[in-house]
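Predicted model only: the values in this text are computed from it and were never measured. Every chain is numbered from 1 and lettered A, B, ... according to where its sequence line falls, protein lines coming before strand lines.
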Number of protein chains: 2
Amino acid sequence: MPDDALQTTEDAPIKLGELTNGLGFLIRIAQVKLFENFFEHLGEYGLKPGEFTVLWVIGLNPGLRQGTVANTLHIKPAHMTKLTGRLVERGLVSRATPADDRRAVRLSLTPEGQKFVDSKKDAFLNHNFDEKEALSPEEAEQLISLLRKFTGLNACP
Amino acid sequence: MPDDALQTTEDAPIKLGELTNGLGFLIRIAQVKLFENFFEHLGEYGLKPGEFTVLWVIGLNPGLRQGTVANTLHIKPAHMTKLTGRLVERGLVSRATPADDRRAVRLSLTPEGQKFVDSKKDAFLNHNFDEKEALSPEEAEQLISLLRKFTGLNACP
DNA sequence: TATTGTTATACTCTATAACTATA
DNA sequence: TATAGTTATAGAGTATAACAATA
C-alpha cells in the first residue's frame, strides 16, 4: 500500500504520514478550499469572508456595538476599526454614537448594505458548496454538526 | 426558544442566525480554537503551525524540493522562501543545491531538526486536543474522516 | 523559451502598546 | 481607574510581478 500523496512536481510521491489525521492541517486545507469557493462566487464584489460575516451579523443585530461584533467574530479591535471603515466607505454600513455612552460606536446596515446582504445571503452561507464536492448532503450536515459541537457553538440544546 | 448567542458585553444576546450552519464560519472558529491549543502546547518553541508542518514533511521526505513542499502545503513560493530561511537560521533545516538541476533547492532536517520533530510529534499532531474538548474520541475520528473526504485527502482507500 | 527560486512591493490580518475620550 | 475605540508599529501570510540562473 503506497503512502498518501497530495500533489507534486517531483518524481516520487510525497509522504504526509499522520499529518492527514491532524485536525489542524485538515482544517487549514479545508479553509483554502472554502476560500477558493468564496472568491469564485462572491469575489466580484470585492468583499472577503470576514467582511461578509460582519455585514451579516450587523444585519441581524442592528445597532450592535463595534466591540461586540469584534468579540463575537474573534476580530481584534484594531483590525475591526479598519474593517468597519472599509464597509462605511463602501456605503454598506453606518456608524452612530449613542447618547448614553459616547465612547461606543453602534453599527447598522445602510439600505444598500441590507439589499446586498439579502441578495447574496444564499451564496454566502455556502449553501452552494454542494456543486460537485466530495460530500453528500448528509455528510455535509454531519460535518457541520460536528464542527458546531467542536467549536462550542451549539445554539440552544 | 432563544436565538443562538456566542459571547457579548452587550445587553441582548447576539443573533448569528444561519451563520452557525455556514461551513466557512465554523471552519474559521475551529481554526481559532486549534491555534490557541497549538500555542498553548508548542508556543514556547517559537514555531507556528505552518512551520511545524514544513518540518514534518521535510522529515518524511528528506531532500524534497522547496517548491514541492510549497505546492503540497499550499504555501506561496515567495512566502516559502522566507519560511525556509527562518528554519535554516534556527538550525533545524539545511539547504542543498543538487548537481543535476542547479536551480533547485533541496531541503533536509538537520540532526537538531530531526530531534525536535521526533520529540514534539505527538503534541503537534493534535493527539492532545482531547483534553476536555467537546468531542468524544469517536466523534473526533468522524470529524477528521469527513474533513479528509471534503479536502480530497483520502489517502489510499 | 520555460522553469526554479528569489527579491520587491503592497495589502490583509494579527499582536501590542500608547493614546483619546469618555465613564 | 477602568472602558471603548482609535492610532501606530511590527510581523506573518498572501498576491503579484519582475528578476537571475538554469534548463
Subject >> Contacts of A:Glu44 that satisfy side-chain hydrogen bond (donor to acceptor under 3.5 Å, both in side chains) - sequence neighbours left out >> reply: none
Original post:
Does any residue of residues 84-98 of chain A have a heavy atom under 4.0 Å from DNA chain D, and if so, which ones, in number order?
Top reply: A:Arg95
**OP:** For A:Leu60, enumerate each residue passing the side-chain contact (heavy atoms from CB on, under 4.5 Å) test, keeping only those at least two apart in sequence or located in another chain.
**Re:** A:Trp56, B:Lys15
**OP:** Could you tell me which residues satisfy side-chain hydrogen bond (donor to acceptor under 3.5 Å, both in side chains) with A:Glu141, sequence neighbours excluded, listed by chain and number?
**Re:** none
Subject >> Position toward the 5' end of DNA chain C (nearest nucleotide), A:Leu83 or B:Val105 >> reply: B:Val105
Original post:
With sequence neighbours left out, which residue pairs that include part of residues 87-100 of chain B fulfil the side chain to side chain donor-acceptor pair (under 3.5 Å) condition?
Top reply: none
Original post:
What is the ring orientation for A:Phe52 with A:Phe116, classed by angle as parallel under 30°, tilted 30 to 60°, or perpendicular over 60°?
Top reply: tilted
Subject >> A:His79 NE2 - D:dT9 C1' separation (whole Å) >> reply: 16 Å
Subject >> Residues that B:Glu112 engages under side-chain hydrogen bond (donor to acceptor under 3.5 Å, both in side chains), provided they are two or more places apart >> reply: B:Thr110
Subject >> Integer-rounded Å distance: C:dT12 P and A:Phe35 CZ >> reply: 14 Å
**OP:** Would you kindly compare B:Ala104 and A:Ala78 by the position of their nearest DNA chain C nucleotide and give the one closer to the 5′ end?
**Re:** B:Ala104
Subject >> For atom NE2 of B:His74 and atom C1' of D:dA15, their distance in whole Å >> reply: 16 Å
Original post:
D:dT14 C1' sits how many Å from B:Ile75 CD1, rounded?
Top reply: 12 Å
Original post:
What closest approach, in Å, do B:Pro49 and B:Phe124 show between heavy atoms, and which atom pair accounts for it?
Top reply: O-CE1, 4.2 Å
Original post:
Of all residues at least two apart in sequence or in a different chain, which pass the salt bridge (charged side-chain N to carboxylate O under 4.0 Å, His left out) check with A:Asp118?
Top reply: none
**OP:** Give a yes/no answer on whether the side chain of A:Lys76 brings an N or O atom under 4.0 Å of OP1 or OP2 in C:dT14.
**Re:** no
**OP:** Could you check how far CD of A:Gln66 sits from C1' of D:dT3, rounded to whole Å?
**Re:** 14 Å
Original post:
Which whole-number value in Å describes the distance from B:Lys82 NZ to C:dT9 P?
Top reply: 12 Å
Original post:
Roughly, in whole Å, what's the span from CE in B:Met80 to C1' in C:dT6?
Top reply: 13 Å
Original post:
Can you find a side chain N or O atom of B:Thr81 that sits less than 4.0 Å from OP1 or OP2 on C:dT6?
Top reply: yes
Enumerate the protein-to-nucleotides 21-23 of chain C contacts in which both atoms are nitrogen or oxygen and the separation is below 3.5 Å.
{"unit_1": "C:dA23", "atom_1": "OP1", "unit_2": "A:Arg102", "atom_2": "N", "d": "3.3"}

**OP:** List in chain and number order the residues that pass side-chain hydrogen bond (donor to acceptor under 3.5 Å, both in side chains) with B:Arg86, two or more places apart in sequence or in another chain; answer none if no residue qualifies.
**Re:** B:Glu51
**OP:** Would you kindly give the CG-to-C1' distance between A:Asn71 and D:dG5, to the nearest whole Å?
**Re:** 12 Å
